[in-house]
Amino acid sequence: MASFVDRVVLHVSGGTGGHGCVSVHREKFKPLGGPDGGNGGNGGDVILRVDHQTTTLLDYHHAPHRHATNGGPGMGDWRGGKNGETLILPVPDGTVVKSKDGTVLADLVGEGAEYVAAAGGIGGLGNAALSSQKRKAPGFALLGIEGESSDIVLELKSIADIALVGFPSAGKSSLIAAMSAARPKIADYPFTTLVPNLGVVQAGDVRFTIADVPGLIEGASEGRGLGHHFLRHVERCAALVHVLDCGTLESDRDPLADLAIIEAELEKYAVDMSYAGQDGEVVPLNHRPRLVALNKVDLPDGKDMAEFVRPELESRGYQVFEVSATSHEGLRQLGFAMAGIVKAARDAVAAAPPKVQPAVLRPRAVNESGFKIRREEKGLEPLFRVLGEKPERWVKQTDFTNEEAIGYLADRLAKLGVETELFKQGAKPGDTVVIGGEDGVVFDWEPTMMAGAELLASPRGTDIRFADIGDRPTRGQKREEQQERKDARAAARAELEAERKAGIWTESVSSRRVAKPLKESGLDAGDEF
């Protein structure tokens with residue numbers, strides 16, 4: 001059973017916001033108390049936080065799905081719903097958060113460092129918050145929005161200053177146990193170390209951390225042995241220490257050949273270039289400072305081998321130390337050499353000017369509408385897709401079982417300018433309009449849906465604009481009816497003008513009343529009955 005996990009895929013989702021409440025205040029002697037529906041609570045966030053008590057990602061390997069709590073629904077009497085609780089996920093120091101495509105989202109270093117992996121959804125407004133002077137008693141409320149959900153990759157990169165690399169059974173674990181308080185597993189067979197081990201070393205006034213990683217063999221980059229994926233734990237190290245086994249005088253291996261193989265495997269390891277350290281640069285492993293520790297000099301063969309290969313290593317420019325994890329010979333000198341490299345690296349970081357990105361203010365453009373409309377075709381029929389943060393959020397907040405809520409959405413879209421832009425794009429009545437992406441809401445566009453539902457006398461929860469929607473006249477028919485009314489008024493004015501010119505307007509009202517039935521009977525005023 002795995003006890004150390006340094007890479008997991010985590011599925012996180014924020015809590016869903018609570019729905020708003022539709023309620024009317026009722027009290028004795030106050031029949032029209034007004035709306036009192038409260039707002040829904042916001043959903044909880046999912047936050048990754050560095051915790052020094054956490055050293056592995058094992059918990060997320062067994063339970064990779066994490067979800068924050070939802071917000072509570074609003075209630076009457078202006079009572080808001082309860083906000084969802086934030087879900088805090090502890091991670092080890094040095095955890096790198098990436099997306100599924102490998103993009104670095106956050107590098108969590110230091111106790112308390114946080115990253116919001118999934119934000120919770122906002123709660124819906126109750127009808128009390130939606131009331132206004134024109135819409136005094138809304139019969140609807142807004143729905144809560146689902147929280148963000150994403151799949152992220154967590155990679156643990158140990159926080160160490162010095163890394164020990166070498167062949168299996170070269171004595172790396174014994175060395176770290178002799179120089180620090182770490183107690184890794186030590187045995188006389190290869191690949192004893194299966195997980196990275198960390199130890200803290202004090203050399204003078206410099207305290208630093210050394211890391212012992214599993215052994216490398218020839219072909220590790222191709223998957224032989226334990227592979228070399230665990231080298232991610234040494235990417236933060238300032239220097240590498242090659243631990244060479246000198247107690248192999250009678251075997252086919254020799255320290256110089258081992259060093260060449262390890263250098264070749266380090267050359268083949270590709271450092272994660274998407275990650276940049278504090279200095280903003282990524283240095284390959286084989287380009288960092290390196291020391292050579294000739295181990296097991298307490299053995300007679302080991303001492304002879306160390307004296308034999310040391311001149312060759314020094315001629316190549318390496319700083320060489322003859323050490324023994326058993327007798328502690330040379331460990332003090334090696335520790336001070338490590339401390340010197342670490343101190344120089346820390347001083348370089350402290351002396352470098354901080355790279356602060358200048359604040360860039362991007363005010364909203366004057367002509368920015370907050371949405372865009374993309375014309376598409378589906379089944380040889382035009383389709384207009386409305387994309388934008390506001391329209392898509394408004395659609396998610398709308399209760400499509402409530403006519404008044406749909407009318408409120410139409411008013412908001414019209415006020416935003418969606419209908420005007422659809423006209424400019426050449427949309428016609430009956431065309432398909434989709435608000436959102438592939439899972440957006442589909443409408444049959446009706447341009448006659450004019451704004452101003454709050455001015456229409458309709459029962460709460462309904463919208464008169466949806467009554468007899470199949471017989472509602474189009475704009476063209478309305479223009480024709482308006483033109484007919486104009487023509488009728490013009491004809492009436494012309495008739496009155498003709499009567500005025502004929503002098504009919506000078507007669508008394510009583511004579512006109514008498515003249516009208518005579519005219520209808522075909523008799524003149526002077527005829528006898």
Side-chain angles (χ1 to χ4, degrees), residues 11-23 35 37-46 67-75 80-84 86-87 116-132 135 138-151 368-374 376 383-419 421-422 432-446 449 451 453 461 463 466:
H11 312 276
V12 293
S13 57
T16 302
H19 299 332
C21 176
V22 181
S23 176
N39 302 333
N42 297 328
D45 301 333
V46 179
H67 179 74
T69 57
N70 300 330
M75 296 167 284
K82 182 181 179 181
N83 292 331
T86 299
L87 178 61
V116 180
I122 62 176
L125 298 179
N127 64 341
L130 296 174
S131 63
S132 62
R135 183 183 279 105
F140 68 99
L142 299 184
L143 305 179
I145 298 179
E146 294 183 356
E148 296 179 354
S149 60
S150 60
D151 297 338
E368 183 179 350
S369 60
F371 69 94
K372 63 179 180 179
I373 298 179
R374 187 174 65 203
E376 302 175 0
L383 182 144
F384 298 88
R385 190 178 300 275
V386 182
L387 301 174
E389 189 269 335
K390 285 186 177 180
E392 295 181 30
R393 185 180 76 245
W394 292 346
V395 167
K396 295 178 182 178
Q397 292 177 324
T398 301
D399 179 11
F400 286 95
T401 62
N402 189 303
E403 292 182 358
E404 190 175 355
I406 301 175
Y408 179 69
L409 173 62
D411 297 341
R412 300 175 86 179
L413 294 176
K415 185 176 180 180
L416 188 62
V418 173
E419 184 169 312
E421 185 64 23
L422 285 172
T432 303
V433 175
V434 181
I435 300 181
E438 297 299 329
D439 56 346
V441 180
V442 182
F443 298 92
D444 288 334
W445 186 47
E446 290 288 342
M449 179 65 72
D463 195 314
F466 290 92

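The residues of the chain are indexed from 1 along the displayed sequence.
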* For side chain to side chain contact (heavy atoms under 4.5 Å, CB included), just list the numbers for Lys396 and Leu143, CA-CA rounded to whole Å, side-chain angles, deciding distance to a tenth of an Å, and then say yes or no. => CA-CA 7 Å; Lys396 295 178 182 178; Leu143 305 179; over 6 Å; no
* Let me see the working for Glu419 and Trp445 under side chain to side chain contact (heavy atoms under 4.5 Å, CB included), right down to the final yes or no. => CA-CA 9 Å; Glu419 184 169 312; Trp445 186 47; 3.7 Å; yes
* Apply the test side chain to side chain contact (heavy atoms under 4.5 Å, CB included) to residues Glu404 and Asn127: give CA-CA distance (whole Å), side-chain angles for both, the deciding distance (0.1 Å), then the verdict. => CA-CA 11 Å; Glu404 190 175 355; Asn127 64 341; over 6 Å; no
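Here the shortest heavy-atom pairing between Gly126 and Ala141 reads CA-CB, 4.0 Å. Residues Tyr408 and Leu130 approach most closely at OH-CD2, 3.8 Å, considering heavy atoms. Between Trp394 and Leu416, the shortest heavy-atom distance links the atoms CZ3-CD2, 3.8 Å. In plain terms, the two heavy atoms of Ala118 and Gly14 that are nearest each other are CB-N, 3.6 Å. Between Pro138 and Pro35 the shortest heavy-atom distance is CD-CG, 4.1 Å. Residue Ala405 comes nearest to Thr398 through the heavy atom pair O-CG2, 3.8 Å, listed as atom of the first residue, atom of the second, then distance.
Looking only at distances, a side-chain donor or acceptor of Arg385 sits under 3.5 Å from a matching main-chain atom of Gly436. Asp444 places no side-chain N or O within donor-acceptor distance of the main-chain N or O of Thr432, the cut-off being under 3.5 Å. A side-chain donor-acceptor contact under 3.5 Å links Asn42 to the backbone of Gly123.
Of the inter-residue distances, the one linking Thr69 atom OG1 with Lys82 atom NZ reads 8.0 Å to the nearest 0.5 angstrom. We find the CG-CG distance between Leu409 and Leu142 to be 10.0 Å, quoted to the nearest 0.5 Å. Between atom SG of residue Cys21 and atom CG of residue Leu125 there is a gap of 12.5 Å, rounded to the nearest 0.5 Å. In this structure, Ile373 CD1 and Ile435 CD1 are separated by 9.0 Å, a value rounded to the nearest 0.5 Å. One finds the CG atom of Asp45 at 10.0 Å from the CG atom of Asn83 (value rounded to the nearest 0.5 Å). Distance check, rounded to the nearest 0.5 Å: CG of Asn70 to NE2 of His19 gives 9.5 Å.
Between Val12 and Ser150, the closest side-chain pair of non-hydrogen atoms falls below 4.5 Å. Looking at Glu148 and Val116, their side chains never come closer than 4.5 Å, going by heavy atoms from C-beta outward.
Checked against Val434 for a side chain to side chain contact (heavy atoms under 4.5 Å, CB included), the options Val395, Asp439, Leu383, Val386 give a single hit: Leu383.
The local environment of CD in Glu146 is sparse, with at most 12 non-hydrogen atoms from other residues, nucleotides or ligands closer than 6.0 Å.
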